[in-house]
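The structure presented is a predicted model; accordingly, all values stated were derived computationally and were not measured.
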Amino acid sequence: MAEAEKKKDENWSETGEGAPAAAGANEEEMESLVDRLKGLMGAGSGDERKEEKEAVEQLLASVTFDGIVDYVQTKCKKVIVMTGAGTSTAAGIPDFRTPGTGLYDNLQKYNLPHPQAIFEIDYFKENPEPFFALSKELYPSNFKPTKSHYFSRLLHEKGLLLRQI
């Protein structure tokens with residue numbers, strides 16, 4: 001393996017660039033995963049989905065928190081956590097787009113040309129005050145992490161977190 005490729009493979013998790021296509025999974029594992037996801041998402045014919053459901057092995061000893069913990073502790077080498085705005089809204093941090101309560105819907109006091117301008121560098125260079133005022137208003141000291149945040153942190157501390165998306 002060329003030195004540049006070796007370095008790329010060693011550093012992919014830090015930069016997110018040059019990541020192996022399947023993060024170490026072989027082609028057969030990836031094919032199996034894609035097939036299972038298709039079945040879960042309803043892709044394919046009804047017969048295929050029925051066969052897929054029947055063929056799926058039970059991964060959890062029990063469908064409980066303890067069953068998930070056991071599975072992660074005994075079977076998982078790396079975990080990808082996919083979250084959305086709801087993770088932080090549960091801590092009181094507003095999302096961006098919800099009408100009435102979203103951040104973009106409550107920026108009128110800053111007299112912006114459009115809501116996204118508060119995060120645009122060109123607008124910031126012209127008028128940084130709205131960004132700093134909003135930053136002060138949203139300063140994290142007013143918020144506490146949620147259980148989801150703590151879960152992701154625990155996975156990271158245990159060396160299990162591959163990505164937070």
Chemist: To the nearest 0.5 angstrom, please state how far the OG1 atom of Thr146 sits from the CD1 atom of Ile93.
Modeler: 8.5 Å
Chemist: In Å, rounded to the nearest 0.5 Å, how long is the span from CG of Asp70 to CG of Leu59?
Modeler: 12.0 Å
Chemist: Would you say the ring centroid of Phe119 lies under 6.0 angstrom from that of Phe96?
Modeler: yes
Chemist: Considering residues, nucleotides and ligands other than Lys158, do more than 12 of their heavy atoms fall under 6.0 Å from its NZ?
Modeler: no
Chemist: Hey, any chance Leu160 and Tyr71 share a hydrophobic cluster, counting ILVMFWY side chains that come within less than 4.5 Å of each other, even indirectly?
Modeler: yes
Chemist: Output yes when a side-chain donor or acceptor of Gln164 lies under 3.5 Å from a complementary backbone atom of Leu161, and no otherwise.
Modeler: no
Chemist: Does the distance from a Lys or Arg side-chain N to an Asp or Glu carboxylate O, for Lys125 and Glu120, drop under 4.0 Å?
Modeler: no
Chemist: Mind listing the closest non-hydrogen atom pair of Phe143 and Ala91 along with its distance?
Modeler: CD2-O, 3.3 Å
Chemist: Please report the interatomic distance CG(Leu103) to CG(Asp95), rounded to the nearest 0.5 Å.
Modeler: 8.5 Å
Chemist: Verify the cluster assignment for Tyr150 and Val69: are they in a single hydrophobic cluster under the rule of side-chain heavy atoms below 4.5 Å apart?
Modeler: no
Chemist: Return the set of residues passing side chain to side chain donor-acceptor pair (under 3.5 Å) with Thr64 (not counting sequence neighbours), or none when no residue passes.
Modeler: Ser62
Chemist: If you define the side chain from C-beta out and look only at heavy atoms, does anything of Leu112 sit under 4.5 Å from Pro130?
Modeler: yes
Chemist: Check the pair Tyr123 / Ile118 against side chain to side chain contact (heavy atoms under 4.5 Å, CB included), numbers first and verdict last.
Modeler: CA-CA 7 Å; Tyr123 185 80; Ile118 202 158; 5.8 Å; no
Chemist: Are the side chain of Thr87 and the backbone N or O of Thr83 linked by a donor-acceptor pair below 3.5 Å?
Modeler: no
Chemist: With rounding to the nearest 0.5 angstrom, report the CD to OH distance, Glu129 to Tyr110.
Modeler: 11.5 Å
Chemist: I'd like to know if the side chain of Asn106 reaches the main chain of Gly100, judged simply by a donor and an acceptor atom lying under 3.5 Å from each other, with no hydrogens or angles considered.
Modeler: yes
Chemist: With heavy-atom distances below 4.5 Å as the criterion, would you say the side chains of Leu162 and Val79 are in contact?
Modeler: no
Chemist: Hydrophobic clustering (ILVMFWY, side-chain heavy atoms < 4.5 Å, transitive) - are Ile121 and Leu134 grouped together?
Modeler: yes
Chemist: Is Lys78 reaching over with its side chain to a backbone N or O of Gly159, donor-acceptor style, under 3.5 angstrom?
Modeler: yes
Chemist: Does the side chain of His149 come under 3.5 Å of the side chain of Ser152 through a donor N or O and an acceptor N or O?
Modeler: no
Chemist: Could you state whether Phe65 and Phe151 fall into the same hydrophobic cluster, counting links through intermediate Ile, Leu, Val, Met, Phe, Trp or Tyr residues with side-chain heavy atoms under 4.5 angstrom apart?
Modeler: no
Chemist: So, does Gln58 use its side chain to make a donor-acceptor pair with the main chain of Leu60 at under 3.5 Å?
Modeler: yes
